[in-house]
K.L.:
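The structure follows.
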There are 2 protein chains.
Amino acid sequence: MTDQYSAATRPVGRALVRQARPHAPTTPRPETPGADLGRLTRHLGYLARRTQIWIFQDFIRTLAEVDIRTAQYSILIVIEANPGLSQAVLSQTLGIERARLVHLLDGLEARKFVQRRRSISDRRSHALSLTAQGRSALARIKALADEHEQRIVRRLGRKSYKTLLRHLAVFAYG
Amino acid sequence: MTDQYSAATRPVGRALVRQARPHAPTTPRPETPGADLGRLTRHLGYLARRTQIWIFQDFIRTLAEVDIRTAQYSILIVIEANPGLSQAVLSQTLGIERARLVHLLDGLEARKFVQRRRSISDRRSHALSLTAQGRSALARIKALADEHEQRIVRRLGRKSYKTLLRHLAVFAYG
DNA sequence: TATTGTTATACTCTATAACTATA
DNA sequence: TATAGTTATAGAGTATAACAATA
């Protein structure tokens with residue numbers, strides 16, 4: 001499912017609001033809420049959701065120029081770190097449904113960022129790898145992702161940022 | 001949009017896996033990933049996303065018996081804290097699109113948890129409030145939500161939990 | 001029999017536009 | 001003109017089932 005406590009996305013830069021891009025942020029802003037949130041502010045899930053939305057909005061805006069969104073980014077990074085891995089393992093690693101992964105990889109393959117080759121050891125599975133073009137694109141993509149991350153660091157302060165990175169790790173691995 | 005770095009939901013209790021409930025968790029598990037996540041573990045957005053998914057799964061499972069999901073819960077709580085507020089303000093407060101809010105309120109009204117009355121001051125808007133039945137249901141709902149929250153506290157440890165609550169607040173308000 | 005990748009379907013949520021009734 | 005609530009539609013993401021090829 002991935003339901004929501006609150007939901008929605010947000011415009012930060014005004015230049016991008018009301019843009020042609022489908023699903024670009026335009027919605028009600030989380031900040032300075034018009035009414036009392038009650039006990040929601042005592043739910044970690046609510047805060048995690050608002051945080052995730054805020055960060056993803058910034059990520060998407062920052063990487064709009066290379067037309068890469070979060071799921072695509074995570075796929076490129078994991079393939080880079082594990083060349084030759086199968087779709088099944090990639091699906092398991094990122095928690096993306098294998099059915100959905102098919103379409104995401106179709107898109108990245110059409111853009112010549114990713115290659116699917118038949119595995120020699122198990123001919124049912126595909127060995128995934130980045131193309132030269134994919135590696136080259138990824139350099140720029142990572143630079144933009146770093147820019148994005150630095151914006152978050154500035155927003156939180158380095159100390160708070162580090163603290164969060166450390167304490168949230170339990171949910172992502174280990 | 002609300003795109004994703006990684007995505008997906010997860011079964012925690014095995015009893016509920018492969019259940020009839022639509023969109024119940026069944027997907028690949030984040031924990032013990034099969035491959036290297038690379039720099040993803042250094043992105044706060046990735047960690048926030050995995051955290052949100054983990055927590056929402058637990059919330060949905062815990063409140064399945066009262067058939068309340070995260071968005072519905074947040075609406076009930078904010079109406080309770082701000083009786084008489086309008087849909088516009090509720091939308092702004094929670095960051096839920098007003099178009100979507102209409103359907104969510106339709107459902108809660110059909111269950112007699114929520115009431116829409118014409119505002120006297122501005123006849124365009126609705127004054128929202130809980131019904132007696134809604135208040136009574138909310139007592140049970142809150143108890144289950146507290147149970148859920150305590151499970152997160154146990155998972156993280158109270159100190160880590162408190163730290164996260166404090167540091168994530170910046171994204172949700174202020 | 002079980003797994004890999006694929007296709008298909010249904011449901012949820014997000015983004016937008018257009019409409020009505022009020023202001 | 002503008003705003004509140006509503007309706008409708010399209011795009012993204014999630015959950016499932018079923019199928020072909022392979023193990």
Side-chain angles (χ1 to χ4, degrees), chain A residues 1-11 16-28 34 49 53 56-57 60 69-72 74 85-92 94-107 109 116-128, chain B residues 1-11 16-28 49 53 56-57 60 69-72 85-92 94-107 109 116-128:
Chain A
M1 42 52 58
T2 295
D3 199 346
Q4 38 157 49
Y5 262 94
S6 63
T9 52
R10 262 209 8 173
L16 281 153
V17 179
R18 290 275 164 200
Q19 194 196 14
R21 192 163 218 278
H23 297 150
T26 292
T27 335
R49 173 71 176 159
I53 290 167
F56 276 34
Q57 278 309 317
I60 291 161
R69 295 166 76 97
T70 51
Q72 296 168 311
S74 66
L85 90 171
S86 68
Q87 294 181 202
V89 171
L90 180 56
S91 162
Q92 154 80 18
L94 287 174
I96 299 176
E97 275 295 333
R98 64 201 219 280
R100 177 161 141 68
L101 194 51
V102 170
H103 301 297
L104 287 164
L105 286 171
D106 285 349
E109 203 176 29
R116 284 192 256 221
R117 279 168 305 190
R118 280 250 159 266
S119 163
I120 6 176
S121 51
D122 183 342
R123 288 169 35 76
R124 290 173 303 184
S125 71
H126 290 157
L128 303 172
Chain B
M1 41 55 57
T2 295
D3 199 346
Q4 38 156 49
Y5 263 94
S6 63
T9 53
R10 261 208 9 170
L16 282 152
V17 178
R18 288 277 163 197
Q19 194 194 14
R21 191 161 220 280
H23 296 151
T26 293
T27 335
R49 172 72 175 157
I53 289 167
F56 275 34
Q57 278 309 318
I60 290 162
R69 295 165 76 95
T70 52
Q72 296 170 310
L85 89 171
S86 68
Q87 293 182 203
V89 170
L90 180 56
S91 161
Q92 154 80 19
L94 286 174
I96 298 176
E97 275 295 333
R98 65 201 219 277
R100 179 162 140 68
L101 194 51
V102 169
H103 301 298
L104 288 164
L105 287 171
D106 285 348
E109 204 176 29
R116 283 191 257 221
R117 279 169 306 189
R118 281 249 159 267
S119 164
I120 5 175
S121 51
D122 182 343
R123 289 171 35 78
R124 289 172 303 184
S125 71
H126 290 157
L128 303 172

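When reading the values below, keep in mind they use all heavy atoms of this one structure, side chains included, and skip hydrogens, waters and symmetry mates. Every chain is numbered from 1, with letters handed out A, B, ... down the list of sequences.
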K.L.:
Given atom CZ of A:R100 and atom C1' of C:dT6, what is their separation to the nearest angstrom?
P.N.:
16 Å
K.L.:
Side chain of B:R49: nearest nucleotide among C:dA15, C:dT6, D:dT14?
P.N.:
D:dT14
K.L.:
Between C1' on D:dG5 and CG on B:L128, what's the gap in Å once rounded to a whole number?
P.N.:
11 Å
K.L.:
Expressed in angstrom and rounded to an integer, what is the separation of A:E97 atom CD from C:dC11 atom P?
P.N.:
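After rounding, the gap between these two atoms is 17 Å.
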K.L.:
At 4.0 Å (heavy atoms only), tell me whether B:S86 reaches a base, stays on the sugar-phosphate, or touches nothing.
P.N.:
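It contacts sugar-phosphate atoms only.
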K.L.:
To the nearest Å, give me how far apart CD (A:Q72) and C1' (D:dG11) are.
P.N.:
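Distance check: A:Q72 CD to D:dG11 C1' gives 14 Å.
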K.L.:
So if I take every side-chain heavy atom of B:V102 and compare against D:dG5, C:dA17, D:dT16, which nucleotide ends up nearest?
P.N.:
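Nearest to the side-chain atoms of B:V102, counting from C-beta on, is D:dG5.
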K.L.:
Once you round it to whole Å, what is the distance between C1' of D:dA12 and CG of A:L104?
P.N.:
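So the CG-C1' distance, A:L104 to D:dA12, works out to 10 Å.
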K.L.:
Measuring from atom CZ of B:R49 to atom CD1 of A:I53, what distance do you get when rounded to the nearest 0.5 angstrom?
P.N.:
9.5 Å
K.L.:
What integer distance in Å separates A:L101:CG from C:dT4:P?
P.N.:
13 Å
K.L.:
Can you see which heavy atom on A:L94 is nearest to which on A:S74, and at what distance?
P.N.:
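Smallest heavy-atom distance, with atoms named: CD1-OG, 3.6 Å.
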K.L.:
Could you tell me how far apart A:H103 (NE2) and D:dA15 (P) are, to the nearest whole angstrom?
P.N.:
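Atom-to-atom, A:H103 to D:dA15, this comes out as 15 Å.
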K.L.:
Give the nucleotide from the list D:dA17, C:dA23, D:dT22 with an atom nearest to the side chain of A:D122.
P.N.:
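Comparing D:dA17, C:dA23, D:dT22 against the side chain of A:D122, the answer is D:dT22.
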K.L.:
Without swapping roles, check the side chain of B:S91 against the backbone of B:I96 for a donor-acceptor pair under 3.5 Å.
P.N.:
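Yes, the answer is positive, given that a donor and an acceptor are paired below the 3.5 Å cut-off.
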K.L.:
Quick one: is D:dT6 close enough that its OP1 or OP2 comes under 4.0 Å of any side-chain N or O from B:Q87?
P.N.:
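So the side-chain polar atoms of B:Q87 do come within 4.0 Å of the phosphate oxygens OP1 or OP2 of D:dT6, strictly under.
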K.L.:
Calculate, to the nearest 0.5 Å, the distance between atoms CG and OG belonging to B:L85 and B:S119 respectively.
P.N.:
11.0 Å
K.L.:
Which atom pairs link the protein and nucleotides 19-21 of chain D when you take only N or O atoms and keep those under 3.5 Å?
P.N.:
none

K.L.:
Within this structure, what is the CZ-NE2 distance for the pair B:R117 and B:H126, rounded to the nearest 0.5 Å?
P.N.:
11.5 Å
K.L.:
Applying side chain to side chain donor-acceptor pair (under 3.5 Å) between A:Q87 and each of A:Q92, A:R98, A:R116, report the one that passes.
P.N.:
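Option passing the side chain to side chain donor-acceptor pair (under 3.5 Å) with A:Q87: A:R116.
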K.L.:
Rounded to the nearest 0.5 Å, what separates atom CG in B:L101 from atom CG in B:L90?
P.N.:
4.5 Å
K.L.:
By nearest atom, which of the nucleotides D:dG5, C:dT16, D:dT6 is closest to the B:R116 side chain?
P.N.:
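Closest nucleotide to the B:R116 side chain: D:dT6.
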K.L.:
Could you state the atom-to-atom distance from CD1 of B:I96 to C1' of C:dA15 in whole Å?
P.N.:
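It is 15 Å, rounded to the nearest whole Å.
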